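Comments concern the structure below.
Both ligands and their constituent atoms are indexed starting at 1 by order of listing. Computed from a predicted model, the values in this text were never measured in an experiment. Counting from 1, the numbers follow the sequence of the chain as shown.
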Amino acid sequence: MSRIVKSSPESFAEAVKILRAGGLVALPTETVYGLAADARNDEAVAKIFKAKGRPSHNPLIVHIFDPADLGKWAEANEMAKSLAKVFWPGPLTLVLPKVTDELSAIAGANLSTLAIRCPENKWSKAFKELGFNGPIVMPSANRSGHISPTRAQHVADDLGDQVDLIIDGGECDNGIESTILKIEKDRAVLLRPGVIPVEDFVPYISDLRLPEKAAQTSAPGMLKSHYAPKARVRLNAMERRSGEAYLAFGHTEVIADMNLSASADLAEAARNLYAALRSLDKVEVIAVAPIPPHGMGAAINDRLRRAAADRD
Ligand code: AMP
Ligand code: MG
């Protein structure tokens with residue numbers, strides 16, 4: 001099995017050694033645990049696709065350690081620069097034109113654009129001090145299509161011995177993935193709802209297209225079924241049927257197996273979502289209470305819809 005080690009200066013030094021040698025390290029971020037490899041090393045990047053069982057047409061997000069590095073890898077217009085200034089380091093991914101072929105072509109699925117973000121975390125400063133400035137590619141550290149990991153043990157459960165080292169930084173603060181925006185001149189398209197709700201972009205983007213149509217047509221690899229437990233998922237459930245596990249939200253009269261947030265706090269619900277789906281995944285059907293659609297609820301509902309989607 002993969003080794004899980006506590007987040008520490010020693011574990012960061014070991015992680016850098018592994019990344020430099022073309023290995024894979026699972027790292028905690030503010031969103032979920034990521035599976036990292038050197039973004040310039042084709043062989044290392046190929047190991048990520050293999051370990052996850054990820055289709056090669058699903059491109060990886062490139063992660064930088066310093067917002068100022070954005071221009072090295074992507075063409076950033078004024079809108080992109082101001083978004084990076086406000087939201088980085090943080091859970092926002094920008095899709096922009098690529099400016100260099102230095103990064104592994106496999107990582108980008110041969111697209112002319114690049115998905116890039118600067119995550120909030122405890123390790124990149126140490127990595128930089130050790131002379132490793134990235135960039136790294138880092139999808140979520142789970143089997144493709146399964147539930148994203150928000151604890152170190154989830155990574156070990158999913159990827160077994162395919163990871164060289166798992167850094168344990170405890171529970172992820174946000175618990176769901178980054179918001180992805182594609183920047184097209186003076187407008188932005190929401191490719192994936194995420195931690196930062198669209199409402200927060202209003203002061204910075206005058207023309208922001210919303211998810212429904214955009215997400216299905218323009219984000220490669222955004223599969224209908226994703227984030228899925230083995231159990232079937234029944235949405236907007238107002239009652240618990242026989243044989244079901246019930247996942248509640250807020251105050252409820254239903255006898256619940258778990259509650260995403262007893263106080264109906266959407267940020268708490270997002271933080272608990274994937275761990276709850278993993279731990280209830282022993283029944284045939286997980287029935288989930290309705291989740292309000294506003295704020296972070298948009299991303300939670302997006303993940304639940306994909307968890308509930310038909311699997312072909
Ligand atoms: P994840 O599996 O959480 O790392 O998500 C990565 C997602 O980023 C992919 O599923 C794509 O939808 C999106 N993505 C990555 N690169 C691009 C790109 N160049 N253009 C559009 N979407 C991208
Ligand atoms: Mg993922």
Problem set entry | Numbered atoms of ligand 1 (with element) below 4.0 Å of L111, judged on heavy atoms | 18 (C), 19 (N)

Exercise. Of all the atoms in ligand 1, which lie at a distance below 4.0 Å from a heavy atom belonging to L191?
Worked result: 21 (C), 22 (N)

For this session: State if R54 counts as touching ligand 1 under the rule of any non-hydrogen atom under 4.0 Å.
Result: yes

Problem set entry | Taking every non-hydrogen atom, the tightest pair across A84 and L70 | CB-CD2, 4.1 Å

Exercise. Considering only heavy atoms of N58, which atoms of ligand 1 have at least one such atom less than 4.0 Å away?
Worked result: 9 (C), 10 (O), 11 (C)

Problem set entry | Whether Y227 and Y274 hold their rings parallel, tilted or perpendicular, with breakpoints at 30° and 60° | parallel

Problem set entry | Min side-chain heavy-atom separation I183-V95 under 4.5 Å | no

Exercise. At a 4.0 Å threshold, what atoms of ligand 1 neighbour a non-hydrogen atom of P139?
Worked result: 4 (O)

Seminar exercise, completed: Any heavy atom of T113 under 4.0 Å from ligand 1? The part involved is both

For this session: Report yes if some heavy atom in the side chain of M138 is under 4.5 Å from a heavy atom in the side chain of V62; otherwise report no.
Result: no

Exercise. Among R192, E177, H226, whose heavy atom sits nearest atom 3 (O) of ligand 1?
Worked result: R192

Seminar exercise, completed: One should read off an interatomic distance between L27 CG and I136 CD1, to the nearest 0.5 angstrom, of 5.5 Å

For this session: Give a yes/no answer: is there an N/O/S atom of N142 under 2.8 Å from the Mg ion (ligand 2)?
Result: no

Exercise. Who's closest to atom 23 (C) of ligand 1 heavy-atom-wise, of A74, P55, P59?
Worked result: P59

For this session: For K182 and T113, indicate whether the former's side chain and the latter's backbone hold a donor-acceptor pair under 3.5 Å.
Result: no

Problem set entry | Numbered atoms of ligand 1 (with element) below 4.0 Å of I180, judged on heavy atoms | 7 (C), 8 (O), 13 (C)

